[in-house]
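Let me begin by presenting the structure, written as structure tokens, before commenting on it.
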Number of protein chains: 2
Amino acid sequence: MSKPHKSITAQDVANHAGVSRAVVSRALSDKGSIAPETKTKVIAAARELGYQVNFLAQGLNRKRSQLIGVVVARIKDPFRSSLLEGLIHMIQRRGYQALVTEVNSDKELEATMRQFTQFRVSGVIVTSGQPPATLVNECVQFKIPVVGINRELDIPLVDFVCSDNQQGAVLATDHFLKWGCHRFAWLNYAGSTWAGVQRGLAFEQALESAKVGPHSVQQVIAEQDGYEGGEAAALAFDLSQGLPQGIFCANAQLACGFLDGMRQRGFDAPKDFHLIGFDNTPQTAQYSYRLTTLNQDIPALCSEALNCLESRNKSPNQAARLIKVPVSLVVRHTSPVINLG
Amino acid sequence: MSKPHKSITAQDVANHAGVSRAVVSRALSDKGSIAPETKTKVIAAARELGYQVNFLAQGLNRKRSQLIGVVVARIKDPFRSSLLEGLIHMIQRRGYQALVTEVNSDKELEATMRQFTQFRVSGVIVTSGQPPATLVNECVQFKIPVVGINRELDIPLVDFVCSDNQQGAVLATDHFLKWGCHRFAWLNYAGSTWAGVQRGLAFEQALESAKVGPHSVQQVIAEQDGYEGGEAAALAFDLSQGLPQGIFCANAQLACGFLDGMRQRGFDAPKDFHLIGFDNTPQTAQYSYRLTTLNQDIPALCSEALNCLESRNKSPNQAARLIKVPVSLVVRHTSPVINLG
DNA sequence: TGTATAAATGAACACGTGTTCACTGCGTTG
DNA sequence: CAACGCAGTGAACACGTGTTCATTTATACA
């Protein structure tokens with residue numbers, strides 16, 4: 001029962017089938033030439049013995065494991081966990097395994113990526129932090145493709161997949177304008193991600209294109225991220241000039257917090273202001289919030305990311321790609337549909 | 001720039017330091033005897049060349065990789081993502097890497113665990129589904145320790161770490177009784193996890209110990225899990241006999257949904273009923289919910305799980321352990337502190 | 001000084017796989 | 001009948017590491 005259990009190898013299958021080990025490898029990998037009846041015989045023997053390849057040996061030989069490294073941060077954040085779920089799902093679906101690492105500083109990220117190369121991963125997906133140049137170079141030297149999600153940098157040979165923040169800002173702006181909003185604010189937090197900053201800039205730009213002067217646009221920077229940051233920002237909001245009618249949030253957590261903060265001061269959406277946040281997290285759909293949000297197409301983001309990895313695995317030196325994934329406006333209670341009646 | 005990049009091996013370090021490869025191995029692993037000056041010389045050479053061991057070769061040789069397989073389901077669920085975050089954090093902290101797999105059926109779980117053995121993982125942590133006997137046997141034969149979190153089964157050589165549902169039910173019951181509640185309900189969903197069922201039973205038992213007759217306890221089974229399940233259950237709740245005063249939920253998502261469902265019918269906590277749910281997820285702390293919850297000690301769960309793995313790696317045949325981790329009552333608005341004034 | 005003991009080192013093997021290369025036997029063609 | 005090509009096979013090597021074992025060197029002791 002508790003014997004050392006010699007694990008069964010391709011050699012065992014070969015002995016059992018009366019062929020050489022090389023034939024076993026060919027029979028199972030569909031490479032090289034092999035007689036049909038030998039093949040079936042070997043496969044039968046393998047099944048009978050319950051043979052399973054040793055991924056470590058296989059990877060060592062191929063100089064590549066079927067692992068894909070995933071870098072994430074703050075997994076419990078609702079959007080991030082949804083993205084991670086999508087990534088893992090897609091990774092498994094395409095026959096890989098997810099090596100997930102949580103990273104909170106760039107130093108950690110460096111150590112992490114080093115370990116990825118030590119495992120000879122087939123690819124690296126970065127959803128947090130910005131890949132340090134030295135490590136990216138290391139990956140490039142090992143011919144390990146790297147792709148970033150929801151960030152854009154100009155790194156040679158590194159692809160990026162990103163939700164279309166510009167389009168999202170335009171969708172939000174149009175919706176606000178249809179409601180007749182004429183004063184605006186946008187909320188972000190100090191030390192925001194690249195995507196957060198980008199969304200704010202895109203919002204300002206979209207308003208400018210719509211001939212809304214910059215004096216009608218107020219920028220609010222919360223001291224921290226997440227619900228608490230948004231709540232605190234609302235509690236500290238300067239109301240001496242009244243509330244802006246259209247408020248745009250860099251992410252859903254900030255938006256929920258901001259809404260709850262305003263409620264504590266006696267204001268609510270859409271009665272007193274309109275609110276649109278990025279990231280259509282499950283929570284935003286709940287009765288207590290019913291936020292109008294910009295939905296990121298998570299399956300598309302994940303699918304494109306893996307496309308990039310596989311494509312670059314085939315031709316490692318192709319030019320870096322930047323793929324923008326469209327977002328869509330999910331209209332809910334905090335800035336409802338416009339009644340045409 | 002895009003040359004094949006021969007990766008540097010221990011042999012290269014050996015050549016560079018003018019010793020044999022075996023010495024390199026000893027210098028870096030602190031095993032076997034080695035002259036101090038040779039050691040520093042080798043380490044210097046390794047650093048100079050930027051040598052990093054190949055984990056695949058290392059694992060192949062040791063018959064064990066430094067990977068730990070983690071089985072999860074529905075990652076985007078708030079409690080599950082918090083648990084996953086804690087696990088990954090703890091796994092990295094102890095020098096392993098997390099191989100994360102999402103699983104939705106027992107068939108998937110079987111395939112997954114098979115792949116874990118193919119990677120010769122150092123351990124498997126199951127947070128979803130119940131480990132199929134055949135696969136557990138396979139792991140046992142490979143001497144791969146398996147530990148389950150928040151479930152208990154009687155499987156030889158498999159350890160379990162579980163929040164103390166009984167204690168949680170008692171805490172909730174005591175709190176309800178102090179408020180003078182005399183009619184109760186508990187909410188779960190059809191096809192619940194083992195933990196969910198257990199919590200309901202423990203609640204009934206705690207009430208029975210407090211001399212509350214079973215006719216005062218109502219059981220509600222939602223058709224599905226999560227917020228939507230709880231909301232639907234509240235909307236369908238039979239009010240002909242009025243509302244129970246003390247309502248206990250198997251998890252936080254159900255509780256949030258139930259609360260919002262009741263609000264849609266004009267009821268609210270703690271005005272019309274008291275509500276306590278398991279899982280102190282971030283959302284429950286938010287202003288719109290402020291749920292009184294039972295907090296699971298996630299760091300302790302994760303730490304104990306890894307303790308089990310490491311302990312069983314040292315002595316594989318020790319008796320199966322069941323570790324109960326205490327929970328604590330977080331008193332918030334839906335069943336507030338009792339005013340002694 | 002000779003010997004026993006310990007420390008330090010390198011050659012060799014094992015881990016399990018994929019792939020190259022030489023070889024055999026067979027059918028085809030000139 | 002000879003020559004040729006070709007499908008099928010197995011021996012051997014490479015991947016990079018950890019560890020055993022024999023060998024060499026230095027040290028202590030009688």
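A note on names: the letters A, B, ... follow the listed sequences, proteins ahead of strands, and every chain is numbered from 1.
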(Q) Out of the candidates B:Leu309, B:Ile144, B:Val70, B:Ile68, only one should pair with B:Val121 under the side chain to side chain contact (heavy atoms under 4.5 Å, CB included) rule; please name it. (A) B:Ile144
Indicate yes or no for a side-chain donor-acceptor contact from [X] to the backbone of [Y] under 3.5 Å, with no hydrogens or angles considered.
X        : Y        : answer
B:Ser303 : B:Pro299 : no
B:Gln52  : A:Gln118 : no
B:Asp159 : B:Val147 : no

Sort me out a list of protein N/O and nucleotides 4-7 of chain D N/O pairs below 3.5 Å, or just none if empty.
none

Q: Give, for atom OG1 of A:Thr117 and atom CG of B:Asn54, the distance between the pair rounded to the nearest 0.5 Å.
A: 9.5 Å
Q | From A:Ile298 atom CD1 to A:Met90 atom CE, the distance as rounded to the nearest 0.5 Å | A | 11.0 Å
Q: Give the C-alpha distance, both sets of side-chain angles, the deciding distance and a yes or no for side-chain contact (heavy atoms from CB on, under 4.5 Å) between B:His89 and A:Ile75.
A: CA-CA 10 Å; B:His89 203 72; A:Ile75 299 174; over 6 Å; no
Q: Verify the distance criterion only: is there a donor paired with an acceptor across the side chains of B:Gln11 and B:Asn15 at less than 3.5 Å?
A: yes
(Q) Between A:Ser20 and A:Arg26, do the side chains contain a donor N or O and an acceptor N or O under 3.5 Å apart? (A) no
Q) Side-chain N or O of A:Ser20 less than 4.0 angstrom from OP1 or OP2 on D:dA11? A) no
Q: Just do the side-chain contact (heavy atoms from CB on, under 4.5 Å) check on B:Val19 and B:Val42 with the steps written out, would you?
A: CA-CA 8 Å; B:Val19 295; B:Val42 169; 4.0 Å; yes
**Q.** Integer-rounded Å distance: C:dA8 C1' and B:Glu37 CD
**A.** 10 Å
Q: Check the distance between D:dG18's C1' and B:Gln11's CD and give it to me in whole angstrom.
A: 14 Å
Q.
Please give me every residue in residues 23-32 of chain B whose heavy atoms get under 4.0 Å of an atom in DNA chain C, ordered by residue number.
A. B:Val23, B:Arg26
Q | Pairs satisfying ring-ring contact (aromatic ring centres under 6.0 Å, His included), at least one member in residues 101-127 of chain B, at least two apart | A | A:Phe55-B:Phe119
Q: Return the angle between end axes of the helix from C:dT1-D:dA30 to C:dG30-D:dC1, with five pairs used per end and rounding to 10°.
A: 50°
Q: Measure across A:Ile88 and A:Ala98 and return the closest heavy-atom pair with its distance rounded to 0.1 Å.
A: CG1-CB, 4.1 Å
Interface polar pairs with nucleotides 13-16 of chain D, N/O, under 3.5 angstrom:
unit_1: D:dG16; atom_1: OP1; unit_2: B:Ser7; atom_2: OG; d: 3.2

Q. Which side chain to side chain donor-acceptor pair (under 3.5 Å) pairs, counting each pair once, include a residue from residues 62-77 of chain B, with sequence neighbours left out?
A. B:Arg74-B:Asp225
